[in-house]
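Naming: A, B, ... by sequence-line order, numbering from 1 per chain.
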Amino acid sequence: MQRILITSALPYINGVKHLGNLVGSMLPSDAYARFMRLRGHEVMFICATDEHGTPAEIAAANAGEPVAEYCARLAKVQNELHDGFRLSFDHFGRSSSERNHRLTQHFAGALADEGYIYEVTEDQMWSETDGRFLPDRYIEGTCPNCGYDRARGDQCENCTKQLDPTDLIDPRSAISGSTEVFARETKHLYLKQSALRDEIRSWIGTKTDWPILVTSIARKWLDDGDGLRDRGITRDLDWGIAVKRGDADWPGMEGKVFYVWFDAPIEYIAATAEWADANGKSEADWRRWWRTDEGAEDVRYVQIMGKDNVPFHTLSFPATIMGSGEPWKLVDYLKGFNWLTYEGGKFSTSQGRGIFMDQALEILPPDYWRWWLLSNAPESADSDFTWEVFQGGVNKDLADVLGNFVSRVTKFCRSKFGEVVPEGGAPGEAEAALAVEVQARLDGYASAMEAVEMRKATAELRALWVAGNEYLQHAEPWAVFKTDPERAAMIVRTALNLAALYATVSRPFVPDACDTLAEAFGLAPDARWPESAEAALGALAAGHAFTVPENLFRKITDEEREEWAARFAGEAEG
RNA sequence: GGGCCCGUAGCUCAACUGGUUAGAGCAGUCCGCUCAUAACGGAUUGGUUGGGGGUUCAAGUCCCUCCGGGCCUACCA
């Protein structure tokens, strides 16, 4: 048994996430966590909301709510949606938790003690009307290059030229529209990442099994220009973690908070502490997952995230940990996902384009989404959601291949032998060949999951389901029954055992269907991965009672597909 | 501007460090079966691997170049 720590990138608090967000981190993490539990490993699966930063403050203001209430409300909404998608977090925390406040301040103090923090006095854009400093992106104005009048302070999206807010002609606040914006002096803490560059680079160098997407992004940042740059870790905001040096005040930093990207990864650790608090566990119980001097030396730590998160997980967060001088666990395997697009374009919150988690669950149960999204996960490149492909995949894989297999074997058994695993007959060559095939598929499925390769894993699992139909077709118990009922009983018994095997090993992808099947077959919902295919095919003994379950999956009709395509197309064309 | 990734059958994707006639699913066509959600099984059509050039005994795989798509570029998160 191994111990496996899994963290999914933290979804930002600002609103309901769309399917692209879901498939980029939380969903594959969940499938991976479920698989590892199935294999009998000890798993700690952690996620949390990422609550700080300017967008949260603005969203709260727009909603007319105090930011703390807004975040608490949205955290609850997100939690309910996670339940809806059957995400099996051991704990889903909040980056605004007391635990994270203390731990973030602790890390800052440790980094300062090690000499990796320094103060910088610099100019930031201040909006008099809004009464706040604004990130570059929240300053709009006319582009000095092309004359586009809605250029942002970081870049003109019309001519793509990089900008500095002070370059803009007639700058204004993107929030209030106020033109009373000007540069104003402020003081911030910087993390001396540059001093950790070599250490990070050699650490990355050992990660030869990471996806090329991940290591290439990391190397770019390490080697671009003058190399890894130092990074400001504080901001002039109200909502966030107060800048402190451990428990002590930080002179000159009053009223400031840590930068959201400094505290968010630390929440992975803090959320594990929150898990302990919520479950009556001790300090040692969570620290054994994170401190290599307190039991975490044999933990395998896997992080899963969208590619936008990669620099922070390969560089900033490791810099925080390495620089602290304390033995916290570093990531062992990092999986980055590309983007999911919607009908050839981007998901758009503002245009209502694409499918959001709440809407998805309104129209179909979670298994349908889990299966399609993971079997089409954007692993090697961006992938595209289209209703036609979605309908085809779900109907074929789930309804026809898996659902219909269960249906045909249970109903045939009921009509010929009753709702009980029939006795008689002995396995022969066909069953031996089936066991070989099943073993090969189980092995292929398992090694794909070990490597966090979702597409490959789902293809293997599907092939395992197909093997059931192939077997039944060739064994043809409906014909055999007429001349040799004993042999037909053995075939049906074998097929019922296949269905029971599916109920166990399909759980990472279609947990609800597995629950239905497990109940119909009277199996434990936490059944483990089988010892061998041969053992699995004989697990249900003759005489074991079962019930014929309702059809596991229904098909998506053409009418539904058309209706949904129209509904989620968004307000603008294209 | 700089960097990275991708471009393989109608569609979605495979093909370990270059190595037999480039594979699979879906769709299409034909045949079979009738237990089942008109489901299942078998067979089969289909690609000069974006264009061009080069290295090599051998290239989808390496190099150059062009075309097309995407991402990142550090104060959105």
Any base atoms under 4.0 Å from [X], or only sugar-phosphate, or nothing? Heavy atoms, all strands.
| X | value |
| --- | --- |
| Ser383(A) | sugar-phosphate |
| Val492(A) | nothing |
| Asp308(A) | base |
| Leu315(A) | nothing |
| Gly227(A) | base |
| Phe312(A) | base |
| Trp261(A) | base |
| Arg219(A) | nothing |
| Asn551(A) | base |

How about Phe337(A) and Trp339(A): are their ring centroids closer than 6.0 Å?
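No, too far apart.
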So, Phe417(A) versus Phe481(A), ring centres under 6.0 angstrom or not?
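Yes.
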RNA chain B contacts among residues 406-420 of chain A, heavy-atom distance under 4.0 Å:
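Listed by number, they are Ser407(A), Arg408(A), Lys411(A), Phe412(A).
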For [X] and [N], what is the distance between atoms [atom1] and [atom2] respectively, to the nearest whole Å?
| X | N | atom1 | atom2 | value |
| --- | --- | --- | --- | --- |
| Phe390(A) | rC13(B) | CZ | P | 16 Å |
| Phe317(A) | rA74(B) | CZ | C1' | 19 Å |
| Phe405(A) | rC40(B) | CZ | P | 13 Å |

Counting distance alone, no hydrogens or angles: does the base of rA36(B) have a donor or acceptor under 3.5 Å from a partner atom on the side chain of Asn404(A)?
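Such a pair is found, so the answer is yes.
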How does RNA chain B look in dot-bracket notation if pairs are Watson-Crick or G-U with both distances under 3.5 Å, crossing ones as [ ], other-strand ones as |?
(((((((..((((.....[...)))).(((((.......))))).....(((((..]....))))))))))))....
In B/S/- notation, 5' to 3', how is nucleotides 24-34 of chain B contacted by protein heavy atoms closer than 4.0 Å?
-SS-----BSS
Applying the side-chain contact (heavy atoms from CB on, under 4.5 Å) criterion to Phe258(A), which one of Ile266(A), Ile241(A), Asn100(A) satisfies it?
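By the side-chain contact (heavy atoms from CB on, under 4.5 Å) criterion, Phe258(A) pairs with just one of Ile266(A), Ile241(A), Asn100(A): Ile241(A).
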Taking the six-membered ring of Phe509(A), is NZ or CZ of Arg370(A) closer than 6.0 Å to its centre and within 45° of its axis?
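The answer is no; the distance or angle limit is not met.
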Please determine whether a side-chain nitrogen or oxygen atom of Lys220(A) lies at a distance below 4.0 Å from atom OP1 or OP2 of rC5(B).
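Lys220(A) to rC5(B) OP1/OP2: no side-chain N or O under 4.0 Å.
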